[in-house]
Amino acid sequence: MKTTIFLFHPDIKTSRVNRALASAAEKAGIEVRNLYTLYPDWKIDVTQEQNVLKDVDRIVFQFPMYWYSTPSLMKEWLDQVLAYGWAYGSNGNALQGKKVILALSQGAAAEAYTKDGRYEVTTEELLKPLEAMKYLTGLEFEEPFVVSGTMNLTESELKKAAHDYVSRLQ
């Protein structure tokens, strides 16, 4: 199964967690596309991105959760690349049956993302808008890969998360 990671982090150099996850995946031979590096001017090459998507079996969207959502370039990328007539709608079935994993990092601890936690909302609830893409595109969402508490991860916890990430993707 060919897997490609679409990495959306506005400053990967400062992200200890997302950098470690992406680096471990690359070392394991998994393609990582750093979209903020590819499109610093936000001029997304839609045809190129669609061609990459055509050639993969599993799509991984890796991103830090910002304000309980995605980084802004990810939303723009989704709006442009998953176009009507290509990803959905009339003759739009290019993504039908492809697998998707949402791989996200959260600064707060996992306990904060519970009904009784600090935010009174679960991670699963926050991801619903992304997962709803399946209804139009035919994408098949797998269990998300979530690293919470990134602000306080020890080095050994970070190594374990990177190892678990690669294991999950292989």
**Asked** Under a 4.0 Å N-O cut-off, is there an ion pair linking R168 with D164?
**Response** no
**Message:** With a 4.0 Å cut-off on N to O distance, would you call R33 and E49 a salt bridge?
**Reply:**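 E49 and R33: salt-bridged.
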**Within 6.0 angstrom of R16 CZ, more than 12 heavy atoms from elsewhere** = yes
**Message:** Surrounding CG of D116 (heavy atoms of other residues, nucleotides or ligands, distance under 6.0 Å), is the total greater than 12?
**Reply:** no
**Asked** Would a distance-only check, ignoring hydrogens and angles, find a side-chain to backbone donor-acceptor pair under 3.5 Å from E76 to W42?
**Response** no
**Prompt:** Any donor and acceptor pair, going by atom type alone, linking the side chain of T14 with main-chain N or O of D11 inside 3.5 Å?
**Reply:** yes
**Asked** Does the side chain of Q106 come under 3.5 Å of the side chain of T123 through a donor N or O and an acceptor N or O?
**Response**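 Per modelled atom types, Q106 and T123 side chains form a pair under 3.5 Å.
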**Fill in**
Residues joined to F145 in its hydrophobic cluster, side chain to side chain under 4.5 Å directly or through other members, sorted by chain and number, are I5, L7, I12, V17, L21, I30, V32, V60, I101, V147, L153, L158, Y165, L169
**Set of side-chain contact (heavy atoms from CB on, under 4.5 Å) partners for T154, sequence neighbours left out** =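 For T154 the side-chain contact (heavy atoms from CB on, under 4.5 Å) partners, ignoring immediate neighbours, are S156, E157.
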**Prompt:** When clusters are formed by joining ILVMFWY residues with side-chain heavy atoms under 4.5 Å apart, either directly or through shared neighbours, do M133 and L35 land in the same one?
**Reply:** yes
[X] vs [Y] side-chain heavy atoms within contact, under 4.5 Å:
{"X": "P10", "Y": "Y66", "result": "yes"}
{"X": "L130", "Y": "F61", "result": "no"}
{"X": "P71", "Y": "P64", "result": "yes"}
{"X": "R19", "Y": "H9", "result": "no"}

**Item:** Ring centres under 6.0 angstrom apart (W77, Y39)
**Value:**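 No - the distance between ring centres of W77 and Y39 does not fall below the 6.0 Å cut-off.
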**Item:** side chain to side chain donor-acceptor pair (under 3.5 Å) partners of E26, counting only residues at least two apart
**Value:** none
**Contacts of type side chain to side chain donor-acceptor pair (under 3.5 Å), residue W86, not counting sequence neighbours** =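 Partners of W86 under the side chain to side chain donor-acceptor pair (under 3.5 Å) test: none.
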**Asked** Partners of Y119 by ring-ring contact (aromatic ring centres under 6.0 Å, His included), sequence neighbours excluded?
**Response** Y68, Y113
**Prompt:** Restricting to pairs with a member in residues 124-145, which pass salt bridge (charged side-chain N to carboxylate O under 4.0 Å, His left out), not counting sequence neighbours?
**Reply:**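 Applying salt bridge (charged side-chain N to carboxylate O under 4.0 Å, His left out) to every pair that reaches into residues 124-145, excluding sequence neighbours, yields R58-E142, K99-E140, K115-E125, K128-E131.
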